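Only a predicted model underlies this, so the values are computations on that prediction, with no experimental measurement involved.
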Amino acid sequence: MVPVMVRNTVFLVLGIMLGVRLTDIIGYLKLWRESDLRASEKAALLKYPVASEEVLATWLDREVRILCLVLTMPSSHSTKAARVNRTWGARCNKLIFLSSQTDPNLSILKMDIPETRGNLYAKVRTGMAYAHKHYLNDFDWFLKADDDTYIVMENLRLFLYPYDPESSVFFGCRFKSGYSQGYMSGGAGYVLSRDALRRLNLFALNSTTTCKLNEFAEDLQIGHCLQDVGVIAGDTRDFQGRHRFLPISPYELMPFIELQSWTNGYFFHKPNRSDCCSASAISFHYVKDVEFEFLEFFLYHLRVFGLHQAQRALPSRLGFRQMNERLQHWSRQVTDNRG
Ligand SMILES: *[C@@H]1O[C@H](CO)[C@@H](O)[C@H](O)[C@H]1NC(C)=O
Ligand SMILES: *[C@@H]1O[C@H](CO)[C@@H](O)[C@H](O)[C@H]1NC(C)=O
Ligand SMILES: *[C@@H]1O[C@H](CO)[C@@H](O)[C@H](O)[C@H]1NC(C)=O
Ligand SMILES: *[C@@H]1O[C@H](CO)[C@@H](O)[C@H](O)[C@H]1NC(C)=O
């Protein structure tokens, strides 16, 4: 009698173990096939304790460290740069302006490069080299923006959180170009992983053959340099395909405005004009004057009673295989109408 019971118990335990493993494997394969974050977000919701968004955002501020490089020039120090400095720039883990003159009121990397449009690429290269030399290991992500860009830093951190900064990737609003993966709009701002910054500096900016200094548009050139050194252009749209990085102002994106924006023909993924923007949008461009304070008021001050979720969980971080799978998925993205 006893041996039969023991045998049955052993088989039962083995059966349970096998069942659990099979469920794991099936779950893993499923996650693998899905291209959006929803499955992993759901898993995280079950796995991690839920906390208030305020607590999570404070934690993310230390967990996802971002160095911000902002292009400006002396005539804009006291206007545009000062506005960035007192609004979203103050939420960067470190903020550095790129300009040809110093200013006692701003943290500036001074460069002896004449302030012309054709020199923007030279300025960004100098900024990237400086960030690589002095801050590579102090930050996880390296953002480049203009002084008329507005970034919702909290949403940027939440977006970046699942991704490993040691993978070779950069994010932004993807535009089409002669290169297969295109490039990221400079005005919407783009963010490089630590490894992307490392590759850019060690293999691209250092090279005498690829990635030469020239007067092409800064964003296009950096995008092409990054593709040359194997950095993947990531997809920043949400699971409904709505854009998070926006190269125009929120006003111009409203569905009732039939705007012939120059950006229309540039998008790698055309936004749906009736439903353009993600609820977790990250950036806007061509933000001017008092619009900085305007956005601050609506985003950080005004609260609509009853509208906001009080609690949530973070998405889970992607493991090595998941991250590689995601990079491969992105690198296979091609545009339907390359121009
Ligand atoms: C920029 O921000 C720093 C830190 O908050 C502050 O000390 C400085 O006065 C600001 N500069 C300007 C021009 O607003
Ligand atoms: C720095 O800020 C102070 C106080 O806002 C202002 O009086 C001064 O002119 C500023 N300096 C420069 C060089 O802009
Ligand atoms: C190229 O990279 C090496 C290795 O990090 C560095 O020592 C050198 O200064 C770089 N050269 C240029 C021109 O950036
Ligand atoms: C664009 O968004 C509208 C409103 O949500 C929706 O009805 C429509 O189907 C969308 N169009 C496309 C092509 O996705």
Side-chain angles (χ1 to χ4, degrees), residues 28 31-45 47-48 56-57 59-69 91-93 128 131-132 135-145 151-174 181-185 188-200 222-223 226-227 229-245 268-269 278 280-283 312-333:
Y28 184 67
L31 200 66
W32 225 31
R33 246 184 278 119
E34 281 183 27
S35 60
D36 63 48
L37 261 183
R38 267 184 302 176
S40 55
E41 271 171 354
K42 270 185 212 145
L45 275 172
K47 218 156 59 188
Y48 296 104
L56 295 177
W59 184 77
L60 279 185
D61 184 50
R62 294 188 300 265
E63 190 64 20
V64 183
R65 300 163 304 169
I66 303 174
L67 169 67
C68 302
L69 299 172
R91 301 182 188 108
C92 296
N93 296 84
M128 294 289 181
H132 176 255
Y135 296 112
L136 185 70
N137 297 314
D138 298 331
F139 300 95
D140 305 300
W141 301 91
F142 300 84
L143 171 82
K144 179 264 148 185
I151 311 267
V152 185
M153 289 300 294
E154 293 82 352
N155 288 357
L156 177 57
R157 288 197 182 92
L158 178 64
F159 170 77
L160 292 173
Y161 174 70
Y163 306 121
D164 184 352
E166 283 300 329
S167 58
S168 308
V169 65
F170 75 126
F171 294 107
C173 176
R174 198 159 160 194
Q181 68 173 17
Y183 65 102
M184 302 298 175
S185 150
Y190 54 82
V191 60
L192 274 61
S193 69
R194 191 185 302 124
D195 194 55
L197 183 70
R198 191 185 287 127
R199 284 182 185 225
L200 180 73
I222 294 287
L226 288 171
Q227 174 163 341
V229 295
V231 177
I232 304 290
D235 191 344
T236 52
R237 294 170 304 157
D238 67 15
F239 66 88
Q240 288 166 300
R242 294 186 297 209
H243 284 241
R244 286 192 174 100
F245 282 77
F268 195 94
H269 302 285
S278 176
S280 50
I282 291 168
S283 76
R312 63 174 290 166
L314 293 174
S316 56
R317 277 201 146 140
L318 302 189
F320 183 72
R321 284 187 75 165
Q322 286 171 306
M323 188 73 218
N324 269 343
E325 175 61 22
R326 187 66 58 93
L327 291 177
Q328 276 172 33
H329 171 75
W330 285 331
S331 70
R332 283 193 297 268
Q333 281 183 341

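Heavy-atom minimum distance, Gly223 versus Phe170: CA-CZ, 4.1 Å. Met153 and Cys68 get closest at one heavy-atom pair: CE-SG, 3.9 Å. Across all non-hydrogen atoms, the minimal contact from Ile151 to Ser283 is CD1-CB, 3.8 Å. Ser167 and Ser193 make their closest contact through O-OG, 2.6 Å (heavy atoms, listed as atom of the first residue, atom of the second, distance). Ser331 and Ile232 make their closest contact through CB-CD1, 3.6 Å (heavy atoms, listed as atom of the first residue, atom of the second, distance).
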Requested in this report: Verify ring pair (Phe, Tyr, Trp, His ring centres under 6.0 Å) between Phe159 and Trp141, making sure each step is shown before the conclusion.
Outcome: CA-CA 12 Å; Phe159 170 77; Trp141 301 91; 8.5 Å; no
Query raised in the report: Are Leu156 and Phe245 close enough, and set up right, to give a side chain to side chain contact (heavy atoms under 4.5 Å, CB included), and what steps lead you there?
Result: CA-CA 10 Å; Leu156 177 57; Phe245 282 77; 3.9 Å; yes
Report task. Would you please test Asp235 and Arg174 for salt bridge (charged side-chain N to carboxylate O under 4.0 Å, His left out) and show each step? Result -> CA-CA 8 Å; Asp235 191 344; Arg174 198 159 160 194; 5.7 Å; no
Requested in this report: Tell me, with the steps shown, if Tyr163 and Phe171 meet ring pair (Phe, Tyr, Trp, His ring centres under 6.0 Å).
Outcome: CA-CA 11 Å; Tyr163 306 121; Phe171 294 107; 5.2 Å; yes
Query - side chain to side chain contact (heavy atoms under 4.5 Å, CB included) between Met128 and Leu197, intermediate numbers included - result: CA-CA 7 Å; Met128 294 289 181; Leu197 183 70; 3.7 Å; yes
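His243 contributes a side-chain N or O that, together with a main-chain N or O of His269, makes up a donor-acceptor pair within less than 3.5 Å. For Ser185 (side chain) and Cys173 (main-chain N/O), no donor-acceptor pair under 3.5 Å exists by modelled atom type. Remark: side-chain polar atoms of Gln181 are paired, donor with acceptor, to backbone N or O of Ala233 under 3.5 angstrom. Checking side-chain atoms of Ser278 against main-chain N and O of Ser280 turns up a donor-acceptor pair under 3.5 Å.
For the residue pair Ser168/Arg199, the side-chain donor-acceptor check at 3.5 Å is satisfied.
Put simply, CZ on Arg157 and CH2 on Trp59 are 12.5 Å apart, with the number rounded to the nearest 0.5 Å. The line from CG of Leu314 to CG of Leu60 is 5.0 Å long, rounded to the nearest 0.5 Å. We find the CG-CD1 distance between Leu226 and Ile222 to be 6.5 Å, quoted to the nearest 0.5 Å.
Under the side-chain contact (heavy atoms from CB on, under 4.5 Å) rule, Leu327 has a single partner from Asp164, Val231, Val169, which is Val169.
Put simply, the side chain of Asp140 does not reach to within 4.5 Å of the side chain of Tyr161, judged on heavy atoms. Side chains of Gln322 and Arg317 form no contact here, defined as non-hydrogen atoms less than 4.5 Å apart. With contacts defined as side-chain heavy-atom distances shorter than 4.5 Å, the pair Arg312/Leu158 qualifies. In this structure, the side chains of Leu67 and Asn93 stay at 4.5 Å or more apart for every pair of heavy atoms. The closest side-chain heavy-atom distance from Arg237 to Arg242 is not below 4.5 Å. Counting heavy atoms from C-beta on, the side chains of Arg65 and Arg194 come closer than 4.5 Å. Side-chain contact between Ile66 and Cys92 is absent, with no heavy-atom pair separated by less than 4.5 Å. Residues Ile282 and Thr236 have side chains not in contact (no heavy-atom distance under 4.5 Å, counting atoms from C-beta outward).
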